[in-house]
Each structure stands twice: as C-alpha cells, then as structure tokens.
Amino acid sequence: MSDIQKAAGIIQEGGLVAFPTETVYGLGADALNPYAVAAIFEAKNRPTFDPLIVHVADIRQAEILVHRFPEKALKLIEKFWPGPLTIVLPKSSLVPDIVTSSLPNVAIRVPNHPMALELIRKSGRPIAAPSANPFGQVSPTTAEHVRKSLGNKVNMVLDGGPCQVGVESTIISFVEKEPVLLRPGGLSLEEIEFIIGKVLIFKGSSDKPMAPGQLLQHYSPRTPLRLIPTGEIPATQGKSGWLGLQNPPSGFAVVEVLSQKGDLKEAAANFFAAMRRLDEKNLDLILAQPVPDQGLGRAINDRLYRASYKPQK
Ligand code: TXA
Ligand code: MG
C-alpha cells in the first residue's frame with residue numbers, strides 16, 4: 001500500500017496526518033468529524049477559539065461547505081486554485097462548529113501540492129488543517145520540522161520535500177459586502193487586486209483576533225528577535241544572528257540571507273527554515289531587517305513583526 005493510501009485510511013478513521021502543501025506543512029484531520037478535529041487542537045496545544053482552514057481537492061468539493069460563491073470569489077478561485085489563496089464564506093450546516101470555532105463562516109482552500117490533493121481525493125473527505133507546529137511557534141516547511149515538534153502526536157507524517165512557497169496562504173473574506181484581506185500570504189495583494197479590484201485590509205484588535213495569525217505575538221522563535229528600524233545600524237548584542245534579505249554589516253555570529261539576489265519569492269520560501277536554523281544556534285539575539293513591503297514581502301514582514309512582538313508587562 002502506498003504511503004498516501006495509508007494516510008487516507010488514517011484520515012477516514014479519524015486520525016491525524018501531517019502533509020505537505022505548497023505553503024507550509026498542515027496537520028490534517030477529517031473536517032466533517034468533530035472528534036478528529038478536536039485531536040488537532042489537542043496536538044497543537046491550540047486555543048479552541050482559532051478556526052481551521054478546510055482543504056478540498058476542487059471547487060466541487062467546496063460547494064457543499066458553503067451556501068454560494070459570490071462572483072468575485074469565483075473569479076479568484078478560477079485564477080488561483082489550486083494555490084495559496086484561502087476564501088472565507090458563510091458556512092453550510094455540514095461544517096462542524098469546532099472547525100470554525102463556532103463562527104458562522106468557513107475558510108476553504110485547494111492546496112497546490114500533488115500529495116495533498118491525492119490525500120484529499122483518496123480519503124474522500126475535506127481535510128481541516130492548521131500549520132503543523134505547536135501553537136504560536138514557527139511554521140514547518142519540511143517534514144523534518146514536523147517530526148521534531150509534533151512527531152509523537154500525529155499518526156503519520158507524509159514527506160513531500162520542502163514547501164515551494166514557504167509562507168501561509170493569503171486569506172480573503174467574502175463575508176461582508178466588500179472583500180477583506182484577513183492575512184497577507186503566499187499570493188500577493190497585487191495579484192488579487194489585479195483580478196477583482198480594491199480589497200479592504202483588516203486591521204483588527206490583538207486580543208480578539210478573527211484569525212490567530214492576527215495575534216500580535218505569533219510565529220515566534222525562542223531566541224529574542226528584534227527588528228532593525230529602517231536606516232539604523234544594527235546594534236549586535238553578545239552572540240547575534242542576522243536575518244535579512246541580503247548581506248549584513250560585520251559583527252554577526254550567524255548569518256541567514258533570504259535571497260542573495262533580493263527576490264521576494266525566494267525569500268518567502270526560505271523564511272521559516274532560516275528562522276528555525278537561527279533559533280537552533282543558541283544566540284543571544286536575532287536581528288531581523290524588514291524586506292520591501294510589496295508582493296510576498298508583505299507576508300514576510302507580517303510574520304517578522306509578530307515574531308518580534310513582546311507583550312508589555
Ligand atoms: O497555507 C495555509 O493556509 C496553511 C496550510 C496548511 O494550508 N494553513 C494555515 O493554517 O496557515 P493556520 O491554522 O495556521 O492558519 C489559519 C488561519 C488562522 O489565522 C485562522 O484564524 C484563519 O485562518 N481562519 C480560519 N477559519 C477562519 C474563519 N472562518 N474566519 C476567519 N479566519 C479564519
Ligand atoms: Mg499557523
């Protein structure tokens with residue numbers, strides 16, 4: 001029996017399977033089985049107020065999860081599915097409340113990865129999956145990352161190699177009259193607005209987020225991470241690490257360059273793995289330089305700000 005066949009059986013029986021997508025690895029369970037979905041929250045140690053994205057193989061499989069698709073949503077779906085785009089819409093009664101944390105809306109996407117699609121098809125189930133990391137920590141972009149942090153909590157980890165996009169999907173809500181960007185991600189706002197015109201940008205409160213990716217502190221390494229304000233010379237402190245698009249000035253013990261040629265797509269693909277490598281080096285401080293705030297740079301900066309956030313005591 002193939003690995004995917006075995007994994008599909010696990011999903012059907014209510015188990016947990018970590019699987020690759022083009023963005024990050026997901027921790028999947030049968031979205032229509034509330035007990036299986038509960039196991040996701042338990043494994044991630046995730047507060048239950050965080051709703052999950054439901055992964056489907058195509059729009060037909062999504063149709064039963066919602067009432068209807070507004071025209072602009074259909075335009076995006078046609079252009080960008082499979083791909084790093086999640087659509088939020090009022091849910092049908094088929095979707096268990098635990099999936100949406102009792103919100104009346106459900107988030108759906110079609111991942112662009114052959115193993116993910118085959119897993120969904122073979123299991124015959126929509127698969128609810130958050131990123132496969134313990135809550136609040138750095139998202140996994142390889143199977144090895146998943147094995148290290150959640151290996152003993154899942155029934156199986158499917159290995160599809162490193163994720164090509166490297167940051168989570170872009171989330172657009174169609175619940176209100178106008179489309180709203182809830183989370184910048186692997187599909188740029190520019191590409192989206194090119195197809196459907198202006199999209200509002202959600203600026204929510206930190207305490208009651210509509211998406212935990214909106215929590216001020218998120219995607220955090222254990223090592224303190226500080227952002228270098230634009231135009232300032234970074235002040236290293238003890239053994240410091242550099243996380244930036246290109247080369248740093250001297251004085252850093254460890255250097256992670258996201259894209260030597262300054263390509264934001266390449267930078268996104270390297271981002272979480274670079275942050276993890278720095279976190280494993282026992283540094284006193286990670287100094288990170290924001291990247292240009294355009295295209296996928298917006299998603300990288302969003303993660304950097306949250307990774308650097310320290311709550312005021
Ligand atoms: O690329 C991705 O989106 C990855 C891969 C595995 O598909 N998944 C992912 O899931 O990033 P997660 O759980 O780490 O982040 C999902 C985000 C959360 O911020 C959550 O609050 C938001 O989606 N979300 C899910 N359902 C929602 C809903 N009904 N309304 C608003 N936001 C929702
Ligand atoms: Mg996550």
Side-chain angles (χ1 to χ4, degrees), residues 17-29 31 37 40-41 43-56 65-66 80-92 95-113 115-117 119-120 126-141 145-146 149-150 158 160 163-176 179-187 202 204 206 208-220 268-269 272 296 299 302-303 306-307:
V17 174
F19 63 97
T21 80
E22 80 282 30
T23 58
V24 301
Y25 274 70
L27 177 61
V37 175
I40 296 178
F41 290 109
K44 270 192 72 122
N45 213 355
R46 182 180 226 196
T48 35
F49 61 69
D50 295 346
L52 304 175
I53 294 174
V54 178
H55 298 70
V56 293
L65 306 175
V66 300
F80 299 117
W81 276 6
L85 168 72
T86 295
I87 302 274
V88 176
L89 282 171
K91 77 178 188 78
S92 74
V95 182
D97 282 336
I98 188 169
V99 171
T100 65
S101 302
S102 296
L103 287 174
N105 316 312
V106 62
I108 308 175
R109 84 177 190 103
V110 176
N112 188 15
H113 194 294
M115 276 179 117
L117 292 172
L119 177 66
I120 299 165
I127 296 184
S131 53
N133 52 278
F135 179 69
Q137 295 182 18
V138 181
S139 302
T141 53
H145 294 163
V146 182
S149 62
L150 288 177
L158 282 174
C163 302
Q164 300 294 311
V165 174
V167 289
E168 294 85 348
S169 60
T170 302
I171 305 181
I172 304 277
S173 169
F174 284 93
V175 168
E176 308 295 332
V180 182
L181 173 76
L182 295 184
R183 175 177 76 179
L187 179 66
F202 178 79
S206 52
K208 292 212 176 65
M210 277 169 76
Q214 292 160 359
L215 285 171
L216 283 176
Q217 186 180 11
H218 204 65
Y219 310 106
S220 300
F272 282 125
L296 294 201
D302 171 78
R303 274 85 180 148
R306 294 175 209 283

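In each ligand, atom 1 is the first atom listed, and ligand 1 is the first ligand listed.
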Query raised in the report: Should the proximity of His55 to ligand 1, defined as any heavy atom under 4.0 Å, be assigned to the side chain, the backbone, both, or neither?
Result: side chain
Requested in this report: Kindly indicate, with the supporting measurements, whether the criterion side-chain contact (heavy atoms from CB on, under 4.5 Å) is fulfilled by Ile108 and Leu89.
Outcome: CA-CA 8 Å; Ile108 308 175; Leu89 282 171; 5.7 Å; no
Requested in this report: Kindly confirm whether the Mg ion (ligand 2) is within less than 2.8 Å of some N/O/S atom in Asn133?
Outcome: no
Report task. With Thr170 as reference, evaluate Leu182, Leu181, Leu296 under the side chain to side chain contact (heavy atoms under 4.5 Å, CB included) test and give the passing residue. Result -> Leu181
Report summary line: For Pro179 and Phe174, the nearest pair of non-hydrogen atoms, with its separation, is CB-CE2, 3.7 Å
Report summary line: So the atoms of ligand 1 within less than 4.0 Å of a heavy atom of Val88 turn out to be 30 (N)
Query raised in the report: Any N or O on Thr21 sitting closer than 3.5 Å to an N or O of ligand 1?
Result: no
Requested in this report: Return yes or no for this condition: an N or O of Asp50 is under 3.5 Å from an N or O of ligand 1.
Outcome: no
Report task. Return yes if a side-chain donor-acceptor contact under 3.5 Å exists between Ser131 and Glu168, otherwise no. Result -> no
Query - Taking every non-hydrogen atom, the tightest pair across Ile87 and Trp81 - result: CG1-CZ2, 3.8 Å
**Report entry** Exercise: do Ser169 and Thr86 side chains pair donor with acceptor under 3.5 Å
**Finding:** yes
Report task. May I have the step-by-step check of side-chain contact (heavy atoms from CB on, under 4.5 Å) for Asn133 and Lys44, ending in yes or no? Result -> CA-CA 6 Å; Asn133 52 278; Lys44 270 192 72 122; 3.8 Å; yes
**Report entry** Residues that Glu22 engages under side-chain contact (heavy atoms from CB on, under 4.5 Å), provided they are two or more places apart
**Finding:** Pro84, Arg109, Pro111, Asn112, Val165
Query raised in the report: Quick one: which of Ile171, Val180, Leu187 has a heavy atom closest to atom 22 (C) of ligand 1?
Result: Ile171
Query raised in the report: What atoms of ligand 1 come within less than 4.0 Å of a heavy atom belonging to Leu103?
Result: 28 (C), 29 (N), 30 (N)
Report summary line: Ala31 meets the side-chain contact (heavy atoms from CB on, under 4.5 Å) criterion, sequence neighbours left out, with Val54, Pro126, Ala128
Query raised in the report: Among Ser131, Pro111, Ser169, Cys163, whose heavy atom sits nearest atom 10 (O) of ligand 1?
Result: Ser131
Query - Short N or O distance, Glu168 and ligand 1, threshold 3.5 Å exclusive - result: no
Query raised in the report: Is the closest heavy atom of Leu182 to ligand 1 under 4.0 Å?
Result: yes
Report summary line: The atoms of ligand 1 lying under 4.0 Å from a heavy atom of Thr23, numbered in the order shown, are 1 (O), 2 (C), 4 (C), 5 (C)
Query raised in the report: Taking N or O atoms only and a 3.5 Å limit, does Thr86 qualify as a polar contact for ligand 1?
Result: no
Report task. With side-chain contact (heavy atoms from CB on, under 4.5 Å) as the test, would you mind laying out the steps for Ile120 and Phe19 before giving the verdict? Result -> CA-CA 10 Å; Ile120 299 165; Phe19 63 97; 5.7 Å; no
Query raised in the report: Quick check: does Thr100 get an N/O under 3.5 Å from an N/O on ligand 1?
Result: no
Requested in this report: Would you mind listing which atoms of ligand 1 come within a distance below 4.0 Å of any non-hydrogen atom of Ala107?
Outcome: 25 (C), 26 (N), 27 (C), 29 (N)
Query raised in the report: What atoms of ligand 1 come closer than 4.0 angstrom to any heavy atom of Arg109?
Result: 1 (O), 2 (C), 3 (O), 5 (C), 7 (O)
Report task. Pull out every atom of ligand 1 sitting under 4.0 Å from any heavy atom of Asn105, numbered as shown with elements. Result -> 29 (N)
